[in-house]
Number of protein chains: 2
Amino acid sequence: MFEKYVRLLKESQIKITPQRLEILKYLDEHRTHPTVDEIYSALKENNPALSKTTVYNSVDILLNHGLIQSITISGSELRYDFKHGMHHHFLCKKCGEIIDINVECPNLGSMLECGHEVEEVHGYFKGICKKCSKGETNRNGS
Amino acid sequence: MFEKYVRLLKESQIKITPQRLEILKYLDEHRTHPTVDEIYSALKENNPALSKTTVYNSVDILLNHGLIQSITISGSELRYDFKHGMHHHFLCKKCGEIIDINVECPNLGSMLECGHEVEEVHGYFKGICKKCSKGETNRNGS
DNA sequence: TATTAAATTGTAATAAATACAAATTAGAAA
DNA sequence: TTTCTAATTTGTATTTATTACAATTTAATA
Ligand SMILES: [Mn+2]
Ligand SMILES: [Mn+2]
Ligand SMILES: [Zn+2]
Ligand SMILES: [Zn+2]
């Protein structure tokens with residue numbers, strides 16, 4: 001059940017706790033780029049003792065060890081994403097969904113030569129998603 | 001003094017107010033990607049009656065009319081940028097500076113064909129800037 | 001099993017953003 | 001120029017995301 005996440009935490013040499021395992025598993029299985037609050041609410045169902053501070057602490061340490069990444073696409077709230085290969089994101093201004101865009105960044109090469117030490121690359125596109133522009137219903141209504 | 005900004009607001013067909021002119025001018029002359037609070041503090045010097053709500057309202061309307069853009073590179077705080085041609089950004093994790101990177105986005109072409117209506121393109125790189133990796137002093141110390 | 005440093009919890013404090021009503025003002029009309 | 005009105009600004013209150021921190025609990029080692 002949790003072998004994969006136990007291994008990931010061991011490789012990062014950070015303590016294995018049930019909370020960290022649950023959070024990591026949740027992010028791996030829900031590629032919806034949830035906020036801390038969304039992770040907290042989802043996991044609190046099966047663990048009513050869970051503290052939101054723990055979610056903040058956990059995503060911080062998972063982030064620092066590169067197991068997850070943070071997404072700042074939607075301003076005024078941080079979102080988190082299990083690290084699964086390089087990809088970019090598309091934010092739909094209508095339904096709010098954040099969609100994975102599987103492209104490489106062709107600018108990375110020139111960035112590596114510009115003198116700055118590049119550690120992270122993020123590409124964000126914003127607009128109206130395919131579903132919404134076809135006029136389908138969506139969770140935000142409108 | 002403000003002719004350029006009067007013209008920009010007129011072209012966008014939004015009312016010309018001293019507050020909007022000051023904010024637009026400030027962003028044009030300070031390409032530091034300031035937060036609302038930084039804009040507010042700077043402009044309050046010469047206009048003690050300025051309200052922070054006005055800064056929020058003004059950047060919203062300038063944003064909606066495409067005169068400025070918002071930057072979500074640093075999580076949990078929105079930053080603003082006068083719109084001067086397409087460029088990406090580099091955030092230095094050491095000194096906090098946000099540096100303009102003048103590149104085009106080569107992914108835009110494929111994005112336009114993927115079915116989503118693309119309205120905005122943002123590229124964010126994070127790492128250690130040239131100055132900081134040379135060990136020079138910087139405003140955040142460390 | 002005992003020990004201890006680290007993690008979790010719960011509460012309190014900060015800070016960013018939003019909501020809203022009263023006062024003011026930009027710009028159009030007279 | 002003066003009058004009028006819808007839009008804007010202001011100030012305050014509220015909401016929400018994040019950080020701080022002390023007490024309790026626990027993972028990992030001996
Ligand atoms: Mn993703
Ligand atoms: Mn810029
Ligand atoms: Zn959509
Ligand atoms: Zn730097």
Side-chain angles (χ1 to χ4, degrees), chain A residues 2 5-24 26 33-65 67-68 70-80 96 140, chain B residues 2 5-24 26 33-65 67-68 70-80 96 140:
Chain A
F2 287 101
Y5 313 108
V6 169
R7 182 164 36 79
L8 285 171
L9 293 181
K10 268 193 184 148
E11 284 169 6
S12 296
Q13 294 183 303
I14 56 181
K15 268 195 188 169
I16 293 155
T17 70
Q19 293 86 347
R20 289 173 181 178
L21 289 171
E22 289 287 359
I23 290 168
L24 198 48
Y26 183 83
H33 317 97
T35 60
V36 160
D37 200 63
E38 287 166 347
I39 300 169
Y40 170 73
S41 300
L43 298 184
K44 203 170 176 59
E45 299 265 317
N46 287 316
N47 175 12
L50 182 67
S51 162
K52 198 180 280 188
T53 302
T54 299
V55 183
Y56 274 105
N57 288 340
S58 298
V59 295
D60 269 359
I61 201 165
L62 295 175
L63 194 61
N64 289 335
H65 287 81
L67 295 174
I68 65 176
S70 67
I71 307 288
T72 58
I73 194 169
S74 52
S76 81
E77 72 193 347
L78 276 166
R79 294 177 169 275
Y80 296 90
N140 277 8
Chain B
F2 287 101
Y5 312 107
V6 169
R7 182 163 37 79
L8 284 171
L9 293 181
K10 268 191 183 150
E11 283 168 6
S12 297
Q13 295 184 304
I14 56 183
K15 267 192 186 171
I16 294 155
T17 70
Q19 293 87 346
R20 290 174 181 177
L21 289 172
E22 289 287 359
I23 291 167
L24 199 48
Y26 183 83
H33 316 96
T35 60
V36 159
D37 200 63
E38 287 166 347
I39 300 169
Y40 170 73
S41 299
L43 299 183
K44 203 171 176 61
E45 298 265 316
N46 287 317
N47 175 14
L50 182 65
S51 162
K52 197 180 282 187
T53 302
T54 300
V55 182
Y56 275 106
N57 289 340
S58 298
V59 295
D60 269 358
I61 201 165
L62 296 176
L63 195 61
N64 290 335
H65 287 80
L67 295 174
I68 64 177
S70 67
I71 307 289
T72 58
I73 194 169
S74 52
S76 81
E77 70 189 350
L78 276 165
R79 295 177 169 277
Y80 296 91
N140 278 7

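Worth saying up front: this structure is predicted, and the values here are computed from it rather than measured. Letters go in sequence order (proteins before strands), and every chain restarts at 1.
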Checklist outcome for this item: What one should report as the nearest heavy-atom pair of A/Glu38 and A/His33 is OE1-O, 4.4 Å
Next on the checklist: Output one letter per nucleotide in nucleotides 9-14 of chain D: B when a protein non-hydrogen atom lies under 4.0 Å from the base, S when only the sugar-phosphate is that close, - when neither is.
Outcome noted: BBBB--
Checklist entry - Would a 4.5 Å heavy-atom cut-off, applied to side chains only, mark B/Phe2 and B/Leu24 as touching? => result no
Checklist outcome for this item: Computed from five pairs at either end and rounded to 10 degrees, the angle between the axes of the helix from C/dT1-D/dA30 to C/dA30-D/dT1 is 40°
Checklist entry - Between B/Ile14 and B/Glu77, which is nearer to the 5' end of DNA chain C once each is assigned its nearest nucleotide? => result B/Glu77
Checklist entry - Less than 4.5 Å apart, any side-chain heavy atom of A/Leu62 and any of A/Leu8? => result no
Item to check | All salt bridge (charged side-chain N to carboxylate O under 4.0 Å, His left out) counterparts of A/Lys52, not counting sequence neighbours | outcome: A/Asp37
Item to check | Residue pair B/Tyr80, B/Leu63: steps toward the side-chain contact (heavy atoms from CB on, under 4.5 Å) verdict | outcome: CA-CA 9 Å; B/Tyr80 296 91; B/Leu63 195 61; 4.3 Å; yes
Checklist entry - Once you round it to whole Å, what is the distance between P of D/dA17 and CG of A/Asp60? => result 16 Å
Next on the checklist: What range of DNA chain C does chain A touch, first nucleotide to last, counting atoms under 4.0 Å from its heavy atoms?
Outcome noted: C/dA6 to C/dA17
Checklist outcome for this item: Heavy-atom closest pair (B/Leu9 atom, B/Ile16 atom, distance to 0.1 Å) is CB-CG1, 3.9 Å
Checklist entry - Is there side-chain contact between A/Leu78 and A/Thr35, with at least one heavy-atom pair below 4.5 Å? => result no
Checklist entry - Excluding sequence neighbours, so at least two apart, what forms side-chain hydrogen bond (donor to acceptor under 3.5 Å, both in side chains) with B/Glu22? => result none
Next on the checklist: Under a 3.5 Å distance rule, please check whether A/Arg79 uses its side chain to pair with a backbone N or O of A/Ile73 as donor and acceptor.
Outcome noted: no
Item to check | Listed partners of B/Tyr40 passing side-chain hydrogen bond (donor to acceptor under 3.5 Å, both in side chains), at least two apart | outcome: B/Lys44
